[in-house]
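Step one of this worksheet: look at the structure below.
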Amino acid sequence: MGEENKVIGHGTWSSTYSKRVELALKIKGIPFDYVEENLSNKSDLLLKHNPVYKKIPVLVHQGKPIAESLVILEYIDETWNYEPRLLPDDPYKSATLHFWVGYVQQVLESMGKLFNSDGEASQKMAFENVCEKLRVLEEGIKSSSFAEKKLNFHGQNLDLLDIMMVATLGAFRAQEEFLGV
Ligand SMILES: N[C@@H](CCC(=O)N[C@@H](CS)C(=O)NCC(=O)O)C(=O)O
């Protein structure tokens, strides 16, 4: 790939948001360079590329920065618009997919609240909230609209929702062991 078409990802190894971008690039087979950021000492390049949020991930393509993981994923699918597609062409399927992508994001945020909650009562509440969200997600997976979209964990054609699920819940076992829950 010529310098002018270079793809560079800024991220951190432990970030589920970085993982989304990494998975998308790998699924599409797009070669890229990776810059590991130290979030307590952000690089000048990161601050220049994402002056609004100052967050990773950032993708730089042809020298132009794109920030926000979901924006990046859509950019990747639109720019390298060959199979496997991350987003369906069908508007209803696409709407359904976006709906559940938003829900998985909420599951992630509820997990964040659990990890950051202090005191038995608030931990219990946060834990119950995560369980409830996971229950609804599981029900959703079984529901027809979701099944129609189909999760492809065992095959190729991983799409945007699969990426969200894997990046968000993929480390679940490791987290369980670490937290001892
Ligand atoms: N909405 C953003 C969230 C990204 C995000 O929260 N990144 C965190 C690391 S996981 C970050 O860069 N934090 C640095 C900071 O907040 O200063 C996305 O989807 O990309």
Side-chain angles (χ1 to χ4, degrees), residues 6-28 30-81 84-88 94-118 123 126-127 129-130 133-134 136-137 140 149 151 158-179 181:
K6 216 170 173 162
V7 178
I8 306 166
H10 291 250
T12 62
W13 67 270
S14 58
S15 164
T16 172
Y17 298 96
S18 297
K19 188 59 74 187
R20 293 174 188 175
V21 176
E22 180 191 338
L23 283 171
L25 291 168
K26 287 185 173 165
I27 288 166
K28 286 284 202 179
I30 301 161
F32 65 99
D33 289 346
Y34 174 70
V35 179
E36 174 73 16
E37 290 285 345
N38 174 357
L39 295 184
S40 40
N41 183 21
K42 295 170 187 166
S43 74
D44 291 343
L45 259 185
L46 174 62
L47 299 175
K48 183 178 141 212
H49 288 326
N50 191 359
V52 174
Y53 295 116
K54 304 178 176 63
K55 289 185 178 191
I56 53 93
V58 169
L59 189 81
V60 185
H61 180 218
Q62 298 175 330
K64 293 175 292 193
I66 306 110
E68 287 291 298
S69 60
L70 294 178
V71 176
I72 296 172
L73 263 51
E74 297 209 17
Y75 175 84
I76 290 174
D77 201 39
E78 282 169 10
T79 304
W80 291 273
N81 62 350
R85 299 303 310 272
L86 303 182
L87 284 157
S94 178
T96 306
L97 185 143
H98 277 103
F99 175 86
W100 285 107
V101 163
Y103 194 79
V104 175
Q105 177 65 31
Q106 285 190 26
V107 174
L108 175 64
E109 284 164 19
S110 71
M111 287 162 99
K113 282 190 189 135
L114 172 61
F115 295 145
N116 294 322
S117 61
D118 267 340
Q123 268 175 357
F127 181 69
N129 188 27
V130 172
K133 286 225 158 24
L134 287 172
V136 172
L137 181 63
K149 186 228 74 89
L151 283 166
L158 289 164
D159 66 19
L160 183 64
L161 181 56
D162 299 318
I163 291 173
M164 283 293 284
M165 298 280 279
V166 171
T168 305
L169 304 168
F172 203 54
R173 280 275 149 76
Q175 284 160 356
E176 264 180 353
E177 269 183 36
F178 180 72
L179 295 167
V181 290

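Numbering of ligands and ligand atoms starts at 1, following listing order. This is a predicted model, so every value here is computed, not measured. All values below were derived from every heavy atom in this structure, side-chain atoms included, with hydrogens, water molecules and symmetry-related copies excluded.
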Should the pair H61 and W80 be assigned to parallel (<30°), tilted (30 to 60°) or perpendicular (>60°) ring geometry? tilted

Identify which of K54, K19, K42 has a heavy atom lying nearest to atom 17 (O) of ligand 1. K42

Identify which of S40, S69, S14 has a heavy atom lying nearest to atom 19 (O) of ligand 1. S69

Under 3.5 Å: donor-acceptor pair, side chain of D162, backbone of D159: yes

Is it true that a side-chain atom of K28 and a backbone atom of I76 form a donor plus acceptor pair closer than 3.5 Å? no

What are the atoms of ligand 1, with element, lying closer than 4.0 Å to any heavy atom of P57? 20 (O)

Below 4.0 angstrom from a heavy atom of S15, which ligand 1 atoms are there? Numbered from 1 as shown, please. 10 (S)

Here the pair of heavy atoms bringing L86 nearest to L158 is CD2-O, 3.7 Å

Can you name the closest pair of heavy atoms from I72 and P57 and give their distance? CD1-O, 3.6 Å

[atom]: which protein heavy atom is closest, and how many Å away?
| atom | answer |
| --- | --- |
| atom 12 (O) of ligand 1 | I56 N, 2.9 Å |
| atom 1 (N) of ligand 1 | E68 OE1, 2.9 Å |
| atom 16 (O) of ligand 1 | K55 CE, 3.4 Å |

Mode of L39 contact toward ligand 1 - side chain, backbone, both, neither (heavy atoms, under 4.0 Å): side chain

Candidates H49, E37, H10, E36 - the one meeting side chain to side chain donor-acceptor pair (under 3.5 Å) with S43: E37

